[in-house]
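Each chain gets a letter, A, B and so on, in the order the sequences are listed, and its residues count up from 1.
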2 protein chains.
Amino acid sequence: MFEARLTQGGLLKKLVEAVKDLVTDGNFEATEAGISLQAMDTSHVCLVALQLRGDGFENFRCDRNVTLGIQLANLSKLLKCAGNDDIITLKADDQPDVITMTFEDPKTERFADFSLKLMDIDSEHLGIPETEYSATIRMPSAEYARICKDLSSIGETVAISATKEGVKFSTSGDVGTANITVRSNTAADLKPEQQTTVELGEPVALTFALRYLNSFAKAASLASQVQLSMTKDLPVVVEFTISDMGHLKFYLAPKIDEDEDMGDEVGES
Amino acid sequence: MFEARLTQGGLLKKLVEAVKDLVTDGNFEATEAGISLQAMDTSHVCLVALQLRGDGFENFRCDRNVTLGIQLANLSKLLKCAGNDDIITLKADDQPDVITMTFEDPKTERFADFSLKLMDIDSEHLGIPETEYSATIRMPSAEYARICKDLSSIGETVAISATKEGVKFSTSGDVGTANITVRSNTAADLKPEQQTTVELGEPVALTFALRYLNSFAKAASLASQVQLSMTKDLPVVVEFTISDMGHLKFYLAPKIDEDEDMGDEVGES
DNA sequence: ACGTCTCTGG
DNA sequence: CCAGAGACGT
């Protein structure tokens, strides 16, 4: 028996909306510890890793580990039927064919229950090595989203360079070029979620496809801050912390023909 | 001479928007008593009946009964030219070729008049027998709209079952199944328009095509509540009261292969 | 998948 | 009254 009750149903809605454009289906693994999902995106370019700890739920029970193979488009459909303030309860048998979701509107006398057929999905669970990153940037997630959106109207890739002064996002395209710089800013009068920090081993500059960074930005409503962890030649980790519950991480490999210096140039194709 | 002046022009706009997807054209019958329209939908599956009493208008005059055969798509086009707060005046001769509409914006000094060509439309005015219904449900129209919309992302038909405890809407489809229950709720602290009531002779459960119920839901902005009247093997009546003026009723026959009991099962195909 | 438009909340 | 989010259409 697996059962998880989440008062903040809107959280689950947002999670699925943030992930479903990238990943069509995936195995949600429920264990005593919580729920996790790891999946490559459709084009096998980036990796999505979600972790929700059981103790973040109002109730969490998982007698035996279960694998819930879910088509995210369908899950999204069902979750559209839940209100943002609904209490959502997930249930599954030990050998489940379906997952059952109950939506309660705490204010009105409305109850809805939905069952979703599960699928057998080939999973390729990758071990992700723990790494020390050369640079770890924390910034407001809304700012991250804004920058990715703005830059993608100019170019298709972005060079992100981290120095101790801050971060620079650079792109170029037919229209012209763009550079957006965010300085480290930890002024005491700034709310923590508005701060930008760069934790630096050594300066790094990597180039990524904006298309994916933009997809990741859909998770911005889940967390006020986003964390970008970068090391030369390794995938960037774009991480959103889900408060008191876990995290949603996106991994994306850099463009290989990366320019190595920290100059103004963006690698032109 | 027929002339009717309506301060709340938005009402007419909403009415036509609510009906035009179902009915392509219809005869509006103007009499001393008011205006009425009765028409089958294009696929001859459901019936639309509109009644607007003359005393609901600011001015109403109808010297002789006139039949105004109107293509609703065209009427809709013209009404798009009226503001929601415009005063709309309808005029027609005793033997009219056209109906004339005047739109006045009470705030600005703007006047517009449009005339719409009338059509000869075969009408099949049905007498609808007055029936005692087994169950009469009243609920917030927004809730009705929400339920129909939500369920239609899962299945194509819905089983509506009324018991003294409340109403249950059930569907199933490829993705899974869904049940939404609304309890009778007449708590005194609930605004009348938020209440749900079930007036029950005997329990009824009928199955309908969601497609039509969804069309009916377009009328939800006309009235805060909707009334569903059901009797076994008879069409459901989905009624929106237009305050101080009349009503808009939709009739839809149930699916014949209806399951007779009140159980949890939804008829699977 | 993107952009537009509508509706809801602040 | 303005801004942000969600739904719908291309």
Side-chain angles (χ1 to χ4, degrees), chain A residues 8-25 41-46 48 71-86 88 103 105-108 140-157 173 175 191 193-194 209-224 226 240 250 252, chain B residues 10 13-14 16-18 20-21 73 76-77 79-85 107-108 140-154 191 193-194 210-211 214-215 217-224:
Chain A
Q8 233 307 302
L11 176 65
L12 195 58
K13 285 166 65 90
K14 283 182 198 161
L15 269 172
V16 172
E17 287 312 298
V19 165
K20 77 155 206 277
D21 286 340
L22 234 30
V23 172
T24 56
D25 42 44
D41 84 298
T42 327
S43 51
H44 277 247
V45 169
C46 57
V48 177
Q71 293 199 272
L72 288 166
N74 292 338
L75 180 57
S76 163
K77 270 190 195 172
L78 296 202
L79 287 172
K80 290 252 167 66
C81 304
N84 279 320
D85 301 325
D86 281 6
I88 296 182
F103 307 151
D105 182 331
K107 293 182 294 295
T108 71
S141 57
E143 178 120 59
Y144 166 83
R146 170 93 198 275
I147 289 169
C148 294
K149 175 174 147 287
D150 285 355
L151 293 186
S152 56
S153 68
I154 316 285
E156 308 209 314
T157 62
V175 175
K191 293 178 207 129
E193 62 266 29
Q194 288 302 319
L210 271 167
R211 174 180 161 205
Y212 294 103
L213 297 185
N214 249 320
S215 271
F216 306 163
K218 299 212 172 102
S221 58
L222 285 164
S224 58
V226 63
F240 299 88
F250 300 94
L252 176 66
Chain B
K13 287 166 63 90
K14 283 181 199 162
V16 171
E17 288 311 298
K20 76 157 207 275
D21 287 341
S76 163
K77 273 188 193 168
L79 287 172
K80 291 254 168 65
C81 306
N84 279 321
D85 300 325
K107 291 183 295 294
T108 72
S141 57
E143 178 119 58
Y144 166 83
R146 165 111 193 267
I147 291 170
C148 293
K149 174 175 144 290
D150 283 355
L151 293 187
S152 55
S153 70
I154 316 286
K191 292 179 208 130
E193 62 267 27
Q194 287 303 319
L210 271 166
R211 174 179 162 208
N214 249 321
S215 272
K218 300 214 172 98
S221 58
L222 286 164
S224 59

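Across the protein-nucleic acid pair, Arg146(B) atom CZ and dT8(C) atom P stand 12 Å apart, rounded to whole Å. The interatomic distance linking Glu17(A) (CD) with dA7(D) (P) rounds to 8 Å, in whole Å. For Asn84(A) and dG6(D), the CG to C1' distance is 9 Å, given to the nearest whole Å.
Evaluation of the side-chain hydrogen bond (donor to acceptor under 3.5 Å, both in side chains) rule for Lys218(B) yields Asp21(B) as partners, not counting sequence neighbours.
Summarising the geometry, atom NZ belonging to Lys80(A) is positioned 11.0 Å from atom CD1 belonging to Ile154(B); distances are rounded to the nearest 0.5 Å.
Summarising the local packing, CD of Glu156(A) is surrounded by 12 or fewer heavy atoms from other residues, nucleotides or ligands at distances under 6.0 Å.
Under 3.5 Å, the side chains of Thr24(A) and Gln71(A) contain no donor-acceptor pair of N or O atoms.
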Protein N or O to nucleotides 1-7 of chain C N or O, pairs below 3.5 Å:
from: dA1(C); atom 1: OP1; to: Asp21(A); atom 2: O; distance (Å): 3.3

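Between Leu79(A) and Ile88(A) the shortest side-chain heavy-atom distance falls below 4.5 Å.
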